[in-house]
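Reviewing the structure listed below.
So you know, we letter chains A, B, ... as the sequences are listed, proteins then strands, and number each from 1.
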Protein chains: 2
Amino acid sequence: MTNRMLDTQDPCGAVLIALADPTRRRIFEVLVHKPRSVAAVAQTVPVSRPAVSQHLRQLSDAGLVTVTKEGTRNIYAARREGVEVLRRYLDGLWSDVLTAFAEHVELKEQK
Amino acid sequence: MTNRMLDTQDPCGAVLIALADPTRRRIFEVLVHKPRSVAAVAQTVPVSRPAVSQHLRQLSDAGLVTVTKEGTRNIYAARREGVEVLRRYLDGLWSDVLTAFAEHVELKEQK
DNA sequence: ACTTACGGTAAGTTATGACTAACCGAATGC
DNA sequence: GCATTCGGTTAGTCATAACTTACCGTAAGT
């Protein structure tokens with residue numbers, strides 16, 4: 001039996017951290033609307049281009065965006081599956097078997 | 001015409017920030033399993049009680065938990081509606097009318 | 001009344017993360 | 001070849017946020 005605790009452990013921590021920052025969330029939303037180059041993204045946000053590059057790195061590490069080299073420029077695009085990870089986490093919060101198990105334990109402890 | 005941008009603005013920013021911190025997310029998960037007092041929560045997490053108190057404050061401000069005074073102790077409980085706000089944000093990312101509008105603008109700009 | 005458990009608040013420290021400026025390599029155009 | 005555009009990386013600064021210790025009010029127990 002594989003340990004479900006380990007499987008479920010923190011697949012969305014990076015996603016939450018990535019989306020928590022206002023600038024980074026804005027960048028992500030911009031990319032949801034349309035894939036763009038780094039410079040194009042930088043124009044839509046009040047920070048420098050290197051800052052955008054660093055944010056894109058974090059978004060990429062979190063699986064929220066993809067990169068495709070297109071000549072000299074890198075086109076970033078939002079990844080639906082990235083937010084799916086987070087959605088599944090939210091869905092599993094109350095319905096997770098761990099919750100059921102925990103409640104079961106609680107009931108046992110009460111007697 | 002009311003500005004939908006303003007209506008939609010940042011209802012989940014506080015939620016994302018609250019859940020982004022590992023300790024705070026752990027506390028929230030613990031409360032999902034079962035409502036607990038502050039001291040009880042503090043036992044499940046490797047930080048001091050005042051730290052837990054501060055985290056609970058943030059979770060409360062984000063609408064993720066509720067408090068009910070019970071004698072001398074404060075019982076905190078996870079709030080399902082709190083995460084619903086975040087889920088709605090995720091759902092609306094691609095289906096939002098703003099996306100459709102933005103794409104419409106893009107097409108217009110291309111001619 | 002005194003004591004004890006509970007918990008929020010304040011002040012101060014420390015760590016982390018967001019940002020800029022400067023630098024560098026790589027691909028394109030002349 | 002040279003200049004230019006694009007973009008990732010580094011070093012360093014600054015702000016914020018997480019944490020602890022100390023303190024104070026409040027509600028219950030004796």
- Item | Within one Ile-Leu-Val-Met-Phe-Trp-Tyr cluster: B:Val41 and B:Ile75, side-chain cutoff 4.5 Å | no
- Message: If you compare all heavy atoms of B:Ser60 against all heavy atoms of B:Val67, which two are closest, and at what distance to 0.1 Å?
- Response: OG-CG2, 4.3 Å
- Do you know the tightest heavy-atom contact between A:Leu16 and B:Leu19? CD1-O, 3.6 Å
- Task: State whether A:Tyr89 and B:Arg25 meet the cation-pi test: NZ (Lys) or CZ (Arg) under 6.0 Å from the six-membered ring centroid, and within 45° of the perpendicular axis.
- Result: yes
- Which atom pair, heavy atoms only, marks the closest approach of B:Val52 to B:Val38? CG1-O, 4.1 Å
- Judged by nearest nucleotide, the residue sitting upstream toward the 5' end of DNA chain C, A:Gly71 or A:Arg49, is A:Arg49
- Item | Nearest non-hydrogen partners of A:Arg24 and A:Ile17, listed with the distance | NH2-O, 3.0 Å
- Query: Would A:Asp61 and A:Arg57 pass as an ion pair if we require N to O under 4.0 Å?
  - Reply: yes
- Query: Going 5' to 3' along DNA chain D, which nucleotides are the first and last within contact of chain A (any atom under 4.0 Å from a heavy atom)?
  - Reply: D:dT5 to D:dT10
- Item | Hydrophobic cluster membership, A:Phe28 vs B:Val85, 4.5 Å side-chain cutoff | no
- Note on the structure: Contacts of B:Val67 and A:Glu70 projected onto DNA chain C by closest heavy atom; the upstream (5') one is B:Val67
- Query: OP1 or OP2 of C:dT20 sitting under 4.0 Å from any side-chain N/O of A:Ser48?
  - Reply: yes
- Query: What are the two closest heavy atoms between A:Ala18 and A:Leu59, and how far apart are they?
  - Reply: CB-CD2, 4.0 Å
- Message: Near DNA chain D, counting only heavy atoms under 4.0 Å, which residues of residues 50-65 of chain B show up?
- Response: B:Pro50, B:Ala51, B:Gln54, B:His55, B:Gln58
- Note on the structure: Contact check, residues 15-30 of chain B vs DNA chain C, heavy-atom distance under 4.0 Å, returns none
- Item | Transitive ILVMFWY side-chain link B:Val30 to B:Val47, under 4.5 Å | no
